[in-house]
Amino acid sequence: MPPFPETSVLLLPMVEKCVNLLQTYGFSSLKKLKQVHAFSIRHGLSISNAELGKHLVFYLVSLPSPPPMSYAHKIFTKIEKPINVFVYNTLIRGYAETGDSVSALSLYREMRVSGFVEPDTHTYPFLLKAVTKMADSRLGETIHSIVIRSGFGSLIFAQNSLLHLYANCGDVSSAYKVFDKMPVKDLVAWNSVINGFAENGKPNEALSLYTEMDSKGIKPDGFTIVSLLSACAKIGALALGKRVHVYMIKAGLTRNVHTKNVLLDLYARCGRVEEAKTLFGEMVEKNSVSWTSLIVGLAVNGFGKEAIEIFKEMESEKGLSPCEITFVGILYACSHCGMVKEGFEYFKRMRDEYEIEPRIEHFGCMVDLLARAGQVKEAYEYIMRMPMQPNVVVWRTLLGACTVHGDSDLAEVARVQILQLEPNHSGDYVLLSNMYASEQRWSDVQKIRRQMLRDGVRKVPGHSLVEVGNRVHEFLIGDKSHPQSDEIYAKLREMTERLRLEGYVPRISNVYVDVEEEEKEDALVYHSEKIAVAFMLVSTPERSPIRVVKNLRVCADCHLAIKLVSKVYDREIVVRDRSRFHHFKDGSCSCQDYW
DNA sequence: AAACATCAAC
């Protein structure tokens with residue numbers, strides 16, 4: 001084949017031809033893009049040709065995830081200077097989307113230093129997306145000021161990006177400031193600020209912002225509903241969630257797969273497993289998030305065997321593959337059912353079959369799997385063999401198991417580690433003091449108490465939430481502030497008497513679970529969950545199920561008492577505590593007494 | 001030729 005003359009006039013039709021080819025096949029596959037690239041080389045086109053290079057970079061970056069960024073960047077470096085701002089933007093976008101924020105930032109710097117190109121309206125939204133993923137609010141503020149100086153601060157896309165950036169760093173007040181100052185607030189802005197509050201433990205604020213948005217006549221979309229429902233799911237507010245469900249129906253969003261997924265999650269997290277399963281069964285379009293949500297939902301509710309059955313179904317489904325979170329659910333299910341051998345098998349299959357590299361979360365599950373089954377020493381050895389530094393959660397898992405299985409030596413080891421990684425966490429002191437108390441080691445209990453005082457550790461006050469009708473009732477320990485308090489306490493006394501007849505003996509040792517509580521003179525201080533249960537006994541129809549959401553872990557005494565209440569009063573009681581669900585029925589609990 | 005916002009976890 002004779003060489004092509006190197007005149008741009010002659011090459012022009014060839015550039016056009018290649019660009020045409022890219023436009024026809026561009027989005028289909030990397031293979032096609034490489035073919036066009038090869039074609040251009042065969043026809044004497046140099047990749048330094050700006051027009052061709054620009055298109056190639058664009059189509060490469062636009063490939064489905066993950067785009068071949070190093071290939072795209074290589075072409076970028078060969079394009080003749082000066083490089084068009086569009087090409088910079090495209091590459092920054094690619095890095096932002098693949099989570100390579102460092103490369104996105106350094107490309108931006110390179111662009112500013114080159115002096116040939118200026119950022120345009122698209123540059124900052126892309127760059128801010130990259131910075132958002134770094135969750136570094138200091139850096140965010142720096143870039144924020146650059147955006148303002150650049151003159152693009154009035155752009156609604158830039159404002160929305162900044163709003164999201166602050167929300168993602170957990171800085172809701174800065175996020176709200178950005179939102180508040182926006183002269184024009186579009187749906188994305190509302191959704192971002194609502195989501196910001198929802199994700200940062202302020203579901204009530206999220207809901208009232210929604211009401212405000214509604215009053216301004218702005219219609220919600222799937223994003224709005226997802227944020228609101230997940231806020232409700234997090235605090236276990238079923239009645240509130242049901243209200244959002246009504247908005248969802250009104251807005252015609254019942255067929256949206258994301259909103260359905262999070263509705264399923266809401267029901268599962270409120271202990272309504274049957275409803276969650278029904279919802280799943282009714283879904284026409286199910287994605288892997290739907291399957292994963294159900295599996296995790298079943299697992300945390302103590303229905304591990306069922307979770308594994310669903311996983312097997314998922315595996316036989318075409319076009320779906322379990323992800324790392326699915327496996328967290330499966331390993332969690334195994335550990336809560338004492339299926340140690342199966343847990344190890346799934347762990348192995350995750351690597352071998354699905355090529356998912358285990359993360360610290362998965363190792364954490366394995367530690368729990370061993371420790372929960374009573375193999376506390378093996379769990380410790382497992383931690384020592386892990387290919388990564390154990391985090392505080394892993395040590396806390398071990399500590400929790402040590403207190404249940406009464407291994408105070410290893411508990412001490414775990415405690416020392418936790419203290420280094422995260423001092424001032426009241427839950428650990430409570431766990432430990434609980435364990436010492438159960439061994440009648442009162443001087444050690446005192447020691448822990450003194451340490452808490454010395455370190456200035458404030459215990460998180462326990463509270464329990466219950467819903468009656470559309471109202472949420474909150475109870476604290478020894479709470480007497482409720483209008484029906486007299487009735488509730490009469491019920492508590494009656495409850496204690498009837499439980500005694502069943503052989504209930506209050507577990508004195510666990511009085512020390514609540515260190516502050518000891519200080520109270522009252523000999524009969526009821527934990528919030530007991531008060532909540534008594535309140536539900538007096539305010540709901542006989543035999544109707546009771547749901548309680550507690551912010552801390554249920555103590556052993558309350559656990560035993562509620563088990564008996566479920567039998568004596570013939571009530572199904574679901575308690576969601578800080579780490580799991582307890583389904584009490586006929587005197588036993590789904591957690592099999594390992595809480 | 002391109003832009004901002006969603007879900008599942010030890």
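In the text below, chain A, chain B and the rest are named by the order of the sequence lines, each starting its count at 1.
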Heavy atoms from C-beta onward define the side chain here; which of B:dT6, B:dA8, B:dC10 lies closest to that of A:C323? B:dA8
Which nucleotide in B:dA8, B:dC7, B:dC4 has an atom nearest any side-chain atom of A:E199: B:dC7
Against the side chain of A:P125, the closest entry in B:dA8, B:dA5, B:dC4 is B:dC4
Counting side-chain heavy atoms from CB outward, which of B:dC10, B:dA8, B:dA2 is closest to A:N391? B:dC10
In terms of side-chain heavy atoms of A:H258, which of B:dT6, B:dA3, B:dA5 is nearest? B:dT6
How is A:D120 classified with respect to the nucleic acid when contacts are heavy atoms under 4.0 Å: base, sugar-phosphate, or nothing? base
Which of B:dC7, B:dC10, B:dA2 is nearest the side chain of A:C365? It is B:dC10
Output the rounded distance in Å from CD1 (A:I92) to P (B:dA1). 20 Å
How is A:F363 classified with respect to the nucleic acid when contacts are heavy atoms under 4.0 Å: base, sugar-phosphate, or nothing? nothing
For the pair A:N89 and A:T123, evaluate side chain to side chain donor-acceptor pair (under 3.5 Å) and give the outcome as yes or no after the intermediate values. CA-CA 5 Å; A:N89 288 350; A:T123 310; 2.8 Å; yes
Please tell me which of the listed nucleotides, B:dC10, B:dA1, B:dC4, lies nearest to the side chain of A:Y332? B:dC10
If only side-chain N and O atoms of A:H164 are considered, is one of them under 4.0 Å from the OP1 or OP2 phosphate oxygen of B:dT6? yes
Taking the side chain of A:K54 as heavy atoms from C-beta outward, which of B:dC7, B:dC4, B:dA1 is closest to it? B:dA1
Using side-chain heavy atoms (C-beta onward) and a distance below 4.5 Å, is A:H405 in contact with A:R372? no
Send over the distance from A:N200 CG to B:dT6 C1', rounded to a whole Å. 15 Å
Within the 4.0 Å heavy-atom criterion, would you say A:T121 contacts the bases, only the backbone, or no part of the nucleic acid? base
Under 4.0 Å between any heavy atoms, over every strand shown, what does A:N287 touch: base, sugar-phosphate, or nothing? Just pick one. nothing
Parallel, tilted or perpendicular: which describes the rings of A:F58 and A:F86, with under 30° parallel and over 60° perpendicular? tilted
What does A:N195 touch in the nucleic acid at a heavy-atom separation under 4.0 angstrom: a base, only the sugar-phosphate, or nothing? sugar-phosphate
Would you kindly give the CG-to-P distance between A:L298 and B:dA8, to the nearest whole Å? 16 Å
For the pair A:Y95 and A:H73, evaluate ring pair (Phe, Tyr, Trp, His ring centres under 6.0 Å) and give the outcome as yes or no after the intermediate values. CA-CA 10 Å; A:Y95 281 128; A:H73 201 131; 5.8 Å; yes
Once you round it to whole Å, what is the distance between C1' of B:dC10 and CD1 of A:I330? 15 Å
Mind checking A:K129 for me? I need base, sugar-phosphate or nothing, with any heavy atom below 4.0 Å counting as a touch. sugar-phosphate
Take the protein atom CZ of A:R372 and the nucleotide atom C1' of B:dC10, then report the distance between them rounded to whole Å. 11 Å
When all nucleic acid strands are considered with a 4.0 Å heavy-atom cut-off, which category describes A:S161: base, sugar-phosphate, or nothing? sugar-phosphate
Atom CZ of A:R255 to atom P of B:dC7: distance rounded to whole Å? 23 Å
Students often get this wrong, so: under 4.0 angstrom with heavy atoms, is A:V393 touching a base, only sugar-phosphate, or nothing? base
With a 6.0 Å cut-off on ring centres, are A:Y124 and A:Y108 close enough? yes
Tell me whether A:H55 and B:dA1 count as stacked here, given that the ring centres must be under 5.5 Å apart and the planes must differ by less than 30 degrees. no
Could you grab the distance from atom OG1 of A:T259 to atom CG of A:L264, nearest 0.5 Å is fine? 11.0 Å
Base, sugar-phosphate, or nothing for A:N89, non-hydrogen atoms under 4.0 angstrom? base
Distance, rounded to the nearest Å, where A:M388 contributes CE and B:dC10 contributes P: 16 Å
With a non-hydrogen cut-off below 4.0 angstrom, is A:S192 in contact with a base, only sugar-phosphate, or nothing? sugar-phosphate
I need the CH2-P distance between A:W190 and B:dC4, as an integer number of Å. 22 Å
Quick one: does A:S590's side chain get under 4.5 Å of A:N301's, heavy atoms only? no
